[in-house]
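Written out below as structure tokens is the structure these notes cover.
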Amino acid sequence: MVGGGALVRKPASPVGPLALLHRPVPEPPSSLRRGPLREGAWRSPLRSERTATLLGMWVGVAFAVCFATGLLSHLIQNPPSWFGWPSRPVNLYRVTQGLHVISGFAAIPLLLAKLWTVYPKLFEWPPVRSLLHAIGRLSLLVLVGSAIFQLVTGVLNVARWYVVMPFFFTTAHYWTAWIAIGAILVHVGSKLAIIRIGLSEPAAAEPPAAAVAGGLTRRSFLTAVAATSGVVALTTAGQTVPALSGITVFGQRDPRLGLQGLPVNKSAASAGVLETAVDPTHRITLDGPRPQQLSLAVLRSLPQHTVRLPITCVEGWSATADWTGIRMADLLDMMGLPEDAEVTVESLQESGLYRASVLAPPHSRDPLTLLALRLNGADLHIDHGYPARLIAPNRPGVLQTKWVSRVRAL
Amino acid sequence: MGVEGAGLVTSTRDAHPDGATGVTLSGPPEPAPSPYRWAWYLPGLVAVGWGGYGLLTAPMGPEPVKWIIFLAVGIAAHDLLLAPIAVGAGLLLARLVPAVVRAPAQVGLIGTGIAVVAGFSLVLGRGVSADVPSALPFNYAGRVAVLVALLWVAMAGWAVVRIVRSSRISADQPE
């Protein structure tokens, strides 16, 4: 131990099969220890247990927020029987999904700084000390790989650059999130003793000024990383927080820009409904105990209500608009459905994962849930779902079915 | 714990059971693993296993080979490209930039690097579609450039402050 004076307790050696894991393996010839493998090759005084621990904690918090909000979004879209999601407050999903993307972008500088801090460990000598050590090192591939995977695929999704991902983004991102968060937990467990050292080191324990030589101190390095993360978060948040949209750098949308003052995620052309949606013979089918077909003229003659609700995309952007249409509760009553009925709202779109969505209580009976015909005072633009679309409070945009063709009782 | 170069070591540590220890970032031998590590290992391993199971069995899940290749490319891109660039930039900076302005230059480089990494896919604009003009509506290259420019202006200001302070300290030194 550098500096001497430390007391080292040597525990009993493992026995049985465990001994094989711990048995030292021969060290490679020292002539191979060159370049970054040399002793003393890594001399930056910024790297320390405290730096690594604090950065690791920040990365852990960012990934935990990402994981929790991402898991929530997944559960809302694929609800198991035990899961319930409220319809109020109307902006809750907007907050959680906005936070998901913001914390993901904010994690980029934190993860890169953490990896830079521990980069010399990649060149530790000997490369393998025992079988257990080898397993530990290989497990880091899962940790680092899955963490980078999550941030890269998340950024590519925001940039809508799907062709470089040789898989369906949503599935790969969701399941890899479990691997990433699990690998983080395992890593924390394996580093508990070092984390204790890092946290017990006095904050004032800086390297001598001569070692820093005019460069950043550990504290100022950490401050710079935190500030960079904060700036990235602020310049991403504009797609969720309209007041910040003017300084957006890393966001996908300006909530103020789009047809009828609202962004569009999927166009009528890409959904293949350009002709069917404007067909004057189009009828919306109510498929329940009292089946009926309603033309747009009939829908317009029903009691209309205007609500102010956000549309929130799973990509983190959200925007508020005024929607006018028929309360879904009124339609369900027309269909002769009980209060607790669930329905499927289907689109004219003939294929696609999001061509239909299940509408269940409390959203189905919430007075804010509409079959909307108008947006911000005008008929829906076809890209917003003309002639009619679903809009419900506190629900992902992919579940706000556009170009509605049928409401079917389940 | 010991601070590199300061030689202050006061803690008591357990050695690794096999006695073959690595070293920590600041030099001392790694301590023995915590007895509480399994409280983290168990949920962590369950989560990793659940994620792996999901990747292999979920409808529309990725082909394992493609997933592994993507993962490996990400690791390689960091370990063989980004990290060496960062380390090399740090070495060059230490050699070429005067000590008095080294810290602002370091922060400028950190911020610039992050802006490039976080913004490159938006700047390239491969996801832009005439079909959905409200998606990716900004001039991302311009916005990243402005952000980086503002950062360097701030760092230039900090550098000036450090130069002035340094010259004052020099002037106050006794002959």
Side-chain angles (χ1 to χ4, degrees), chain A residues 1-3 5-11 13-14 22 24 47-49 108-109 116 119 124 129 144-145 148-149 152 155-156 159-161 166-168 171-172 175 178-179 181-182 185-186 188-189 192-193 197 201 205 211 213-216 224 228 232 249-250 254 257-258 263-264 267 269-270, chain B residues 1-5 7 9 12-15 17-18 20 22 24-29 31 34 36-37 40-41 43-44 47-48 50-51 54-55 58 60-62 66 71 74-75 78 83 86 99-100 102-103 106-107 110-111 114 118-119 121-122 126-127 131-132 134-137 143-144 147:
Chain A
M1 185 168 289
V2 174
L7 302 174
V8 176
R9 289 194 299 266
K10 175 137 184 157
S13 296
H22 289 275
R47 296 188 176 97
S48 72
E49 282 63 59
I108 294 172
W116 176 85
Y119 191 54
E124 71 176 324
R129 298 193 301 268
V144 175
I148 293 174
F149 184 101
V152 168
V155 168
L156 291 175
R160 299 169 68 92
W161 194 3
F167 37 70
F168 179 52
T171 312
W175 288 107
W178 281 99
I179 294 178
I181 204 73
L185 289 173
V186 170
V188 170
L192 277 176
I197 293 170
E201 178 184 334
L216 291 171
T228 305
V232 170
V249 177
F250 304 110
D254 183 334
L257 292 182
V264 169
S267 69
S270 65
Chain B
M1 64 151 289
V3 175
E4 190 177 11
V9 179
T12 299
R13 296 186 188 173
D14 293 332
D18 58 13
T24 57
L25 287 166
S26 50
S34 165
Y36 304 110
R37 61 190 182 282
W40 295 79
Y41 285 174
V48 170
W50 177 241
L55 281 172
M60 302 183 71
K66 289 180 178 174
L71 198 86
I75 295 171
H78 175 268
V100 69
R102 196 167 293 155
Q106 283 174 318
V107 176
I110 290 170
I114 295 300
S121 58
L122 292 161
R126 300 293 170 85
D131 191 39
V132 186
S134 60
L136 306 169
R143 291 192 173 219
V144 170
L147 185 66

Over all heavy atoms of both residues, which pair between A:Gly258 and B:Ser134 is shortest? Give the atoms and the distance, please. CA-CB, 3.8 Å
Under 4.5 Å to a heavy atom of chain B? For A:Ser267 that would be both
Tightest non-hydrogen contact, residues A:Trp116 and B:Ala86, listed as CD1-CB, 4.2 Å
Take a 6.0 Å sphere around CH2 of A:Trp161 and say whether it holds more than 12 heavy atoms from other residues, nucleotides or ligands. yes
Please rank B:Gly119, B:Ala47, B:Pro62 by heavy-atom pairs under 4.5 Å with chain A and give me the top one. B:Ala47
Name the member of B:Val107, B:Ile110, B:Asp131, B:Val100 that forms the most heavy-atom pairs with chain A at distances under 4.5 Å. B:Asp131
Less than 4.5 Å to any heavy atom of chain A: does that hold for the side chain of B:Val132, its backbone, both, or neither? side chain
Select, from A:Ile181, A:Leu156, A:Val188, A:Val152, the one with the greatest count of heavy-atom pairs under 4.5 Å involving chain B. A:Val188
Residue part contacting chain A, namely of B:Leu147, when any heavy atom lies under 4.5 Å: side chain
Hey, could you give me the CG/CD distance between A:Leu216 and B:Gln106, rounded to the nearest 0.5 Å? 4.0 Å
So what's closer than 4.5 Å to chain B heavy atoms on A:Tyr119: side chain, backbone, both or neither? side chain
Once rounded to the nearest 0.5 Å, what's the spacing between atom CG of B:Leu55 and atom CD1 of A:Ile179? 4.5 Å
Between A:Val155, A:Val232, A:Val264, the one whose heavy-atom pairs under 4.5 Å with chain B are most numerous: A:Val264
Based on non-hydrogen pairs under 4.5 Å, which of B:Ala118, B:Gly74, B:Gly111 is most in contact with chain A? B:Ala118
Using a 4.5 angstrom heavy-atom cutoff, name the option from A:Val144, A:Leu192, A:Ile148 with the most pairs to chain B. A:Leu192
Heavy atoms of A:Thr171 and B:Ala58 approach each other most closely as CG2-CB, 3.8 Å
Between B:Ile114 and chain A, which part of the residue has a heavy atom less than 4.5 Å away: side chain, backbone, both or neither? side chain
Grab the two heavy atoms, one from A:Ala159 and one from B:Ser121, that are nearest each other, plus how far apart they are. CB-OG, 3.5 Å
Bottom line for A:Val249: the part with an atom under 4.5 Å from chain B's heavy atoms is both
Could you grab the distance from atom OG1 of B:Thr24 to atom CD of A:Glu124, nearest 0.5 Å is fine? 11.0 Å
Closest approach of A:Leu257 to B:Pro137 (non-hydrogen atoms, all atoms of both residues): CD1-CB, 3.9 Å
